[in-house]
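Only one structure is covered here, and it is reproduced in the block below.
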Amino acid sequence: MVNDKKRALIVVDVQNDFCPGGTLAVEHGNEVVEPLNKLMEEFLRRGEPVFKSRDWHPPQTKHFSEYGGTWPIHCVQNTSGAEFHPGLLDDKHIRIVSKGLGDEDSYSAFDGTDLALQLQRLGVEEVWVGGLATDYCVKNTVLDALKHGLRVKALKDAMRPVELQAGDGERAIDEMRRAGAEIATASQQPEFTASDQVVAAYLKGIDRTLLRDNLRLTVTERFERLMSLQRFADDLRAAGKHSTHS
Ligand code: VGL
Ligand code: ZN
């Protein structure tokens, strides 16, 4: 099922200014990097789309308290604060979506971007969402994804809240759940890794069998054997991948 790309990963605003040391630092914001890197690697390995959104503000915007808004100056275009966290996986296949270009508080990665169009063109039906911050950009991205008719997994352990008010993070999770998102854990996606574990275990078994039998096989037999085992492993992977969508 090589072309079965019905799922996408959206990594929201994992940028320096939202991480410890940044101008709008989210406590423990850097901790989302590791689980999100793992998921990005896996999605890319499977040829499934990965998006990174970034808050990408002009130097002067009503989004900032200095110009009548709510927030300290953050994520100004082409500054180091707007760069992705240096530990965040980078890959040419990752699609970057920039938002917050105007004067409005646009928190969702869908707001003023072509994200919905790209997802539609790719035939995506389900999005997995994590990043910063739970109570603003992650929440609004999740709610918009649901409004666009997508299934949503909100990855609770791969997001952190700003919490202007204590409890905002939990309230945001509740709101996402009530709106229809599945609240999930990035590090516990059994169907996500199970098929690969099956393949890995199987290949180990193959190695042993081949080692034992190789002595008695001709070169041609050995080659044919390897090719058929390769096909079997490919089928297993395809079956495992297919089952994650059912
Ligand atoms: C965000 C506040 C202001 C976010 C962006 O990415 O959650 N929060 N701008
Ligand atoms: Zn912002």
Side-chain angles (χ1 to χ4, degrees), residues 9-40 51-57 61-76 81-82 84-85 87-88 97 99-100 102-113 115 126-148 150-189:
L9 176 63
I10 306 175
V11 173
V12 177
D13 298 7
V14 183
Q15 292 162 275
N16 288 329
D17 272 343
F18 294 126
C19 291
T23 60
L24 180 38
V26 171
E27 233 183 296
H28 304 288
N30 54 311
E31 291 171 12
V32 306
V33 170
E34 194 205 326
L36 289 173
N37 276 352
K38 280 195 187 136
L39 289 185
M40 283 194 280
F51 292 84
K52 278 179 187 169
S53 73
R54 62 180 182 184
D55 222 21
W56 196 243
H57 299 310
T61 161
K62 289 175 185 160
H63 183 59
F64 297 155
S65 49
E66 198 162 323
Y67 308 100
T70 309
W71 305 102
I73 291 174
H74 63 277
C75 297
V76 172
F84 293 114
H85 182 289
L88 196 67
V97 172
K99 65 185 175 58
D103 267 319
E104 335 67 45
D105 292 320
S106 74
Y107 296 117
S108 160
F110 288 88
D111 195 0
T113 74
L115 178 57
E126 176 176 293
V127 292
W128 294 21
V129 185
L132 305 171
T134 308
D135 35 358
Y136 287 92
C137 289
V138 172
K139 180 183 87 172
N140 284 282
T141 299
V142 163
L143 297 179
D144 272 357
L146 292 166
K147 282 178 199 153
H148 279 94
L150 297 158
R151 285 196 301 264
V152 180
K153 273 194 197 204
L155 306 165
K156 195 179 173 186
D157 57 332
M159 58 176 76
R160 294 290 185 279
V162 179
E163 303 226 301
L164 286 184
Q165 309 279 338
D168 280 353
E170 272 310 312
R171 277 189 289 276
I173 300 273
D174 286 343
E175 206 177 326
M176 292 187 260
R177 186 188 288 112
R178 281 198 306 273
E182 179 193 338
I183 308 303
T185 310
S187 55
Q188 289 172 6
Q189 293 296 329

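Salt bridge annotation for Asp55-Lys99: present, with a cationic side-chain nitrogen under 4.0 angstrom from a carboxylate oxygen. Residues Glu182 and Lys156 are not paired through a salt bridge, judged by the lack of any N-O separation under 4.0 Å between the basic side chain and the carboxylate. Under the 4.0 Å criterion applied to side-chain N and carboxylate O atoms, Glu34 and Lys38 are assigned as salt-bridge partners. Salt bridge Arg171/Asp174: absent, no basic N to carboxylate O contact under 4.0 Å.
With sequence neighbours excluded, the residues that form a side-chain contact (heavy atoms from CB on, under 4.5 Å) with Asp17 are Thr23, His74, Cys75.
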**Q.** Residue pair Met176, Thr134: steps toward the side chain to side chain contact (heavy atoms under 4.5 Å, CB included) verdict
**A.** CA-CA 10 Å; Met176 292 187 260; Thr134 308; 4.0 Å; yes
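Residues Ile173 and Met159 meet the side-chain proximity criterion, which asks for heavy atoms closer than 4.5 Å. Put simply, the side chain of Trp71 reaches to within 4.5 Å of the side chain of Leu164, judged on heavy atoms. With contacts defined as side-chain heavy-atom distances shorter than 4.5 Å, the pair Asp168/Pro161 does not qualify. Proximity of Asn140 to Asp144: side-chain heavy atoms (C-beta onward) are nowhere separated by under 4.5 Å. Put simply, the side chain of Arg160 reaches to within 4.5 Å of the side chain of Leu132, judged on heavy atoms. At a threshold of 4.5 Å between non-hydrogen side-chain atoms, the residues Val26 and Tyr136 do not count as touching. Two residues are said to be in side-chain contact when any heavy atoms from C-beta on lie closer than 4.5 Å; Leu88 and Lys52 meet this criterion.
For the atom pair CG of Leu9 and CZ of Phe51, the computed distance is 10.0 Å after rounding to the nearest 0.5 Å.
For the pair Pro72 and Phe64, the tightest heavy-atom approach, listed with the atom from each and the gap, is O-CD2, 3.7 Å.
In terms of modelled atom types and a separation under 3.5 Å, the side chain of Asp135 and the main chain of Glu163 share a donor-acceptor contact. Remark: side-chain polar atoms of His148 are not paired, donor with acceptor, to backbone N or O of Leu150 under 3.5 angstrom.
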